[in-house]
Amino acid sequence: MPFNFKMQKILDYREQLEEEAKVRFADAQHRYEIAQQALDDIKTALELAQKKVQDNPLMSSAEFWINDQYIRGLEDDLTAANMQLKIALQLKVEAQKILTIRAVDKKMLVKLKERQKAAWSHEEKLKEQHFNDEIATIRYKKAPAG
C-alpha cells in the first residue's frame, strides 16, 4: 500500500500560490529595474543639459531660455521618476513579503508530509518485521524436534 498524504490537494494549492507569488515578484523586480533605468536616463540627460550651459556661457538668450526650459522639464521628469521608483520599490517589497509567506506556508506542509511519510515508512517496516517474525515462529513450531 503506497503512502497517501491526506493534505496533498492543499499542498498542491500552496505550491500554485507560491509559483504565482514568484511570478508577481519577478514582475515587480522587472518594473523596479525599468524605473531605475528611467531615473538614471533622466539624470544623465539633466547632467548633459547643465553641462551644455556651463560649457557655452556665450549662448544667445533664446538658446539659454530653451535650454533652461528643457532643464526645468527634466527636473520635473526627475521628480516623477523618483516617485515611480519609490512606488516600484514598495511593490517589490510587498511582493517579496507575499512570496516569503507563501514559501513558508508550503514548506510547513512539505515538512508535515515528510514527517508523516517517515512515520508511515517506519510503521510499514514494523508490520513487515512483525509478519516475518510470525512466519519464523510458525516455521519453528512446525519444525520437527531434534
Side-chain angles (χ1 to χ4, degrees), residues 1-140:
M1 173 173 75
F3 173 70
N4 182 24
F5 184 56
K6 294 178 183 178
M7 299 177 75
Q8 186 62 45
K9 287 185 179 182
I10 296 171
L11 177 58
D12 293 343
Y13 178 66
R14 296 238 173 118
E15 288 174 344
Q16 179 185 352
L17 289 177
E18 183 186 28
E19 287 303 315
E20 289 172 5
K22 285 179 182 178
V23 169
R24 286 190 186 125
F25 176 72
D27 185 46
Q29 175 73 26
H30 182 68
R31 288 179 186 217
Y32 177 78
E33 290 169 0
I34 289 172
Q36 182 67 54
Q37 184 62 47
L39 181 69
D40 292 344
D41 292 346
I42 292 169
K43 283 181 179 179
T44 302
L46 184 60
E47 289 172 5
L48 288 173
Q50 290 170 340
K51 186 170 180 9
K52 182 179 177 183
V53 171
Q54 290 174 356
D55 290 348
N56 197 358
L58 300 176
M59 70 173 65
S60 69
S61 61
E63 287 178 315
F64 181 79
W65 183 83
I66 290 172
N67 204 45
D68 187 54
Q69 293 303 310
Y70 179 64
I71 288 172
R72 287 181 189 195
L74 286 174
E75 287 170 346
D76 290 343
D77 291 348
L78 186 64
T79 301
N82 270 321
M83 186 62 76
Q84 289 295 323
L85 185 65
K86 286 179 184 178
I87 291 169
L89 178 60
Q90 186 176 2
L91 291 174
K92 179 181 154 186
V93 168
E94 289 174 12
Q96 176 66 48
K97 286 179 184 177
I98 290 171
L99 177 57
T100 302
I101 290 168
R102 299 287 189 241
V104 168
D105 287 348
K106 183 194 93 172
K107 186 82 169 172
M108 287 183 348
L109 276 181
V110 167
K111 285 186 177 185
L112 175 64
K113 180 179 180 179
E114 289 171 356
R115 284 194 305 267
Q116 287 183 359
K117 187 171 185 174
W120 174 85
S121 178
H122 180 69
E123 188 176 313
E124 288 295 310
K125 285 179 184 176
L126 287 177
K127 285 180 186 177
E128 185 178 335
Q129 184 178 355
H130 180 70
F131 177 76
N132 289 338
D133 290 347
E134 288 290 322
I135 295 295
T137 302
I138 291 171
R139 285 185 181 161
Y140 178 74

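Qualifying side chain to side chain donor-acceptor pair (under 3.5 Å) partners for Q84, counting only residues two or more places apart in sequence or in other chains: none. A search for side chain to side chain donor-acceptor pair (under 3.5 Å) contacts involving N4 returns nothing, not counting sequence neighbours. Considering only residues two or more places apart in sequence or on other chains, K6 meets the side chain to side chain donor-acceptor pair (under 3.5 Å) condition with none of them. With sequence neighbours excluded, the residues forming a side chain to side chain donor-acceptor pair (under 3.5 Å) with D68 are R72, listed by chain and number.
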Check residues 111-134 and write down every donor-acceptor pair under 3.5 Å in which the side-chain atom is one partner and the other belongs to a residue at least two apart or another chain.
{"unit_1": "K113", "atom_1": "NZ", "unit_2": "Q8", "atom_2": "OE1", "d": "2.9"}
{"unit_1": "N132", "atom_1": "ND2", "unit_2": "E128", "atom_2": "O", "d": "3.4"}

Which pairs would a plain distance check flag for residues 19-44, meaning a side-chain donor or acceptor within less than 3.5 Å of a matching protein atom at least two apart in sequence or in another chain?
{"unit_1": "E20", "atom_1": "OE2", "unit_2": "Q16", "atom_2": "NE2", "d": "3.3"}
{"unit_1": "D27", "atom_1": "OD2", "unit_2": "R31", "atom_2": "NE", "d": "3.3"}
{"unit_1": "Q29", "atom_1": "OE1", "unit_2": "K92", "atom_2": "NZ", "d": "3.1"}
{"unit_1": "Q29", "atom_1": "NE2", "unit_2": "E33", "atom_2": "OE2", "d": "3.0"}
{"unit_1": "Q36", "atom_1": "NE2", "unit_2": "D40", "atom_2": "OD1", "d": "3.1"}
{"unit_1": "Q37", "atom_1": "NE2", "unit_2": "D41", "atom_2": "OD1", "d": "2.8"}
{"unit_1": "T44", "atom_1": "OG1", "unit_2": "D40", "atom_2": "O", "d": "2.9"}

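Between L78 and L46 the shortest side-chain heavy-atom distance falls below 4.5 Å. Looking at heavy atoms from C-beta onward, E94 lies in side-chain contact with Q90 at the 4.5 angstrom threshold.
One finds the CE atom of M59 at 14.0 Å from the CH2 atom of W65 (value rounded to the nearest 0.5 Å). Atom CZ of residue R14 and atom NZ of residue K106 lie 12.0 Å apart, to the nearest 0.5 angstrom. With rounding to the nearest 0.5 Å, the separation of CG in D105 from CD1 in I10 is 11.5 Å. The CD atom of E63 lies 10.5 Å from the CG atom of L58; values are rounded to the nearest 0.5 Å. We find the CG-CD1 distance between L17 and I101 to be 11.5 Å, quoted to the nearest 0.5 Å. Summarising the geometry, atom CG belonging to D76 is positioned 12.5 Å from atom CD1 belonging to I71; distances are rounded to the nearest 0.5 Å.
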Would you check, one step at a time, whether the test side chain to side chain contact (heavy atoms under 4.5 Å, CB included) holds for N56 with N67?
-> CA-CA 11 Å; N56 197 358; N67 204 45; over 6 Å; no
For side chain to side chain contact (heavy atoms under 4.5 Å, CB included), just list the numbers for E15 and D12, CA-CA rounded to whole Å, side-chain angles, deciding distance to a tenth of an Å, and then say yes or no.
-> CA-CA 5 Å; E15 288 174 344; D12 293 343; 3.8 Å; yes
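Within a 6.0 Å radius of CZ in F3, more than 12 heavy atoms belonging to other residues, nucleotides or ligands are found.
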